[in-house]
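Okay, so here's the structure we're looking at.
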Amino acid sequence: MRVVFLGTPEFGVPSLKALFDAGCEVVGVFTQPDKPKGRGNKLQKSPVKLCAQERGIPVFQPVKIRLDGVEALRSLRPDLCVTAAFGQILSQEILDIPRIGTVNVHSSLLPKYRGSAPINWAIMEGETVTGVTTMMTDKGLDTGDILLQRTIGILPGETAEELTARMAPIGAELLIETIRRLEKGDCPRTPQDEDKASYFPMLKKEMGEIDFRMPARKIVCRVRGLTPWPGSVFEWGEGEQIKVWHAEEAENPGKKPGAILSADAKDGLVIAAGEGAVRILELQAPGGKRMNAKDYLRGHPVSYTECRVTEENSHG
RNA sequence: CGCGGGGUAGAGCAGUUCGGUAGCUCGUCGGGCUCAUAACCCGGAGGUCGAGGGUUCAAGUCCCUCCCCCGCAA
């Protein structure tokens, strides 16, 4: 079977490897164009591109596949297209090309958490269970028929980064099972229940600004869900931005949100929230590396009594 | 050449402007106090100051080269 894989970040790599290892004829890989990234603005290849090149699979990087990638895809004459965090929307014209159709590996239990950041949102919403879904892609955004699903528990304190790493290989397994069953013709196919559907938007950098007026429990979930990108930050002193890598709930004796309840190497860093307080366990100052909050405080005495309380930002 | 911060004891930092015996907080080891302690008191060990070269009577500090780490922006 001729398969074309479309994916970009690390999440898609296990799926691509699995297709390859399962003996599928992966005739091409589509991924986002190399972009200048990191220090020095050097061009970076996506993880999926690197993986494809290692295996000698032709790589295509249209800026917008529905505009300048159609002919390339058609010429590959795929029986099946597989997407896993590709990052571009497919047009009907694209979807019509593969004989069998396009299977998407989505990292939530659809129809919940449609959208591009399902793992992050599931954690931010305080879920304890999520999962992966394989589905037939249609023109809508994550609205196609569900093929197979597998549930996965979210561990206490787990970050989006950790959960993503854990889910990617499971998604790959489910993908292979889906393809086997599609080949045999016994793959279940269930339309999504629109009444139970939920959609969550793309992550934006501003979402990382901690709003201390939220309940501590919520803040902690957001910190987990927004790791590693965009990360969670607060501001104190003269605009110094502190990135929070790890936090937990703590007691608040009744101070107003943003008040610094303690900031020393002995008691750690605790900041009052709307409900309860947030104990910051691991942080990162501008120019510095991430470190244990107490270590930070040992070398950086803090005299501020409060943090800046940011204005309302989208999705509390 | 996108902008910027940094590498000093096991950890986190100061010291670099204006060269002159390397310091702070914590940890660690030993001792003391205490019903007890992650608390307190006394004492000790522990550093090629990222690497190499240069200037100098003398370099963590000044000059040159290199390596590594990190933030922003994308």
Side-chain angles (χ1 to χ4, degrees), chain A residues 7-13 30-50 59 61-65 67-68 85-89 115-117 120 159-162 164-165 201-211 222-251 253 260-271 277-305 307-308 310-311 313-314:
Chain A
T8 300
E10 203 56 50
F11 178 80
V13 172
F30 282 68
T31 192
Q32 296 274 34
D34 297 355
K35 286 174 187 166
K37 274 187 178 168
R39 246 160 273 136
N41 268 342
K42 295 193 178 80
L43 283 183
Q44 301 278 312
K45 299 175 180 179
S46 76
V48 162
K49 176 174 180 177
L50 289 170
V59 173
Q61 300 179 277
V63 175
K64 279 205 177 197
I65 188 170
L67 299 180
D68 58 342
F86 176 44
Q88 293 191 28
I89 293 176
S116 60
N120 306 270
T159 65
E161 183 174 33
E162 294 160 346
T164 300
M202 224 165 32
L203 299 181
K204 282 187 292 198
K205 188 170 180 67
E206 307 83 72
M207 291 175 184
E209 295 165 11
I210 294 174
D211 182 350
R222 287 181 69 100
V223 169
R224 290 200 287 138
L226 294 173
T227 298
W229 194 90
S232 299
V233 299
F234 68 84
E235 209 175 285
W236 64 12
E238 298 178 22
E240 188 179 36
Q241 293 207 318
I242 303 293
K243 190 175 214 169
V244 178
W245 285 96
H246 190 38
E248 65 182 18
E249 287 184 66
E251 299 286 307
I260 297 174
L261 303 180
S262 80
D264 58 73
K266 196 175 109 202
D267 299 322
L269 180 57
V270 183
I271 297 168
V278 178
R279 175 181 297 280
I280 291 164
L281 299 168
E282 192 181 23
L283 57 75
Q284 183 167 21
K289 51 185 170 187
R290 53 192 285 188
M291 65 179 79
N292 176 309
K294 290 185 180 181
D295 284 347
Y296 176 81
L297 292 168
R298 222 173 314 276
H300 302 83
V302 167
S303 57
Y304 322 128
T305 58
C307 304
R308 176 168 162 250
T310 63
E311 287 308 305
N313 54 52
S314 50

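Reminder, nothing fancy here: chain letters follow the sequence lines and each chain counts from 1.
As rounded to the nearest Å, B:C57 and B:G19 have P atoms that lie 15 Å from one another. A distance of about 11 Å separates the C1' atoms of B:A9 and B:G23, rounded to the whole Å. Comparing the C1' positions of B:G60 and B:G15 gives a spacing of 8 Å, expressed to the nearest Å. With both ends at atom C1', the span from B:U17 to B:A59 equals 16 Å, rounded to whole Å. Atom name P, nucleotides B:U8 and B:A51: the rounded distance is 10 Å, in whole Å. Across B:U61 and B:U21, the matching C1' atoms stand 15 Å from one another, rounded to whole Å. Taking the P atom of each, B:G20 and B:U37 are spaced 45 Å apart, rounded to whole Å. Taking the P atoms as reference points, B:G7 lies 7 Å from B:G50, given to the whole Å.
Distance check, rounded to the nearest 0.5 Å: CG of A:Leu283 to OG of A:Ser232 gives 12.5 Å. One finds the CZ atom of A:Arg298 at 7.5 Å from the CG atom of A:Asn292 (value rounded to the nearest 0.5 Å). Separation of atoms CZ (A:Arg279) and CD (A:Glu251) is listed at 10.0 Å; rounding is to 0.5 Å.
Going from atom CG of A:Asp295 over to atom P of B:G6 covers 20 Å, rounded to whole Å. For the pair A:Trp229 CH2 and B:C72 P, the computed distance is 11 Å after rounding to whole Å. Residue A:Lys294 contributes atom NZ, which lies 14 Å from atom P of B:A38 at whole-angstrom precision. Going from atom NE2 of A:His300 over to atom P of B:C26 covers 17 Å, rounded to whole Å. Rounding to whole angstrom units, CD of residue A:Glu282 and C1' of B:A11 are separated by 14 Å. Look at CG on A:Asp264: it is 14 Å from C1' on B:A38, rounded to the nearest Å. For the pair A:Leu297 CG and B:A11 C1', the computed distance is 13 Å after rounding to whole Å. Separating the OH atom of A:Tyr296 from the P atom of B:C70 is a distance of 18 Å, rounded to the nearest angstrom.
Nearest-nucleotide positions on RNA chain B for A:Gly40 and A:Met291 put A:Gly40 closer to the 5' end. Residue whose closest nucleotide on RNA chain B sits further toward the 5' end, between A:Arg290 and A:Arg298: A:Arg298.
In this entry B:A22 has no Watson-Crick or G-U wobble partner, no candidate having both defining distances under 3.5 Å. Using Watson-Crick or G-U wobble geometry with both donor-acceptor distances under 3.5 Å, B:G2 finds its partner in B:C72. Across the strands present, B:C66 finds its partner in B:G50; the criterion is a Watson-Crick or G-U wobble pair with both atom distances under 3.5 angstrom. Pairing of B:G43, defined by two Watson-Crick or G-U wobble distances under 3.5 Å, is identified with B:C29.
Within the 4.0 angstrom heavy-atom criterion, base atoms lie near A:Lys37. At the heavy-atom level, A:Arg39 lies under 4.0 Å from base atoms of the strands shown. Among the heavy atoms of the strands, none lies under 4.0 Å from A:Lys42.
Aromatic ring orientation, A:Phe234 versus A:Trp236: perpendicular (interplanar angle above 60°, classes split at 30° and 60°).
Among the nucleotides B:C70, B:A73, B:C13, the one closest to the side chain of A:Gln284 is B:C70.
Listed by chain and residue number, A:Arg290 satisfy the salt bridge (charged side-chain N to carboxylate O under 4.0 Å, His left out) test with A:Glu282 (two or more places apart in sequence, or in another chain).
Atom CG of A:Leu50 is surrounded by more than 12 heavy atoms from other residues, nucleotides or ligands within 6.0 Å.
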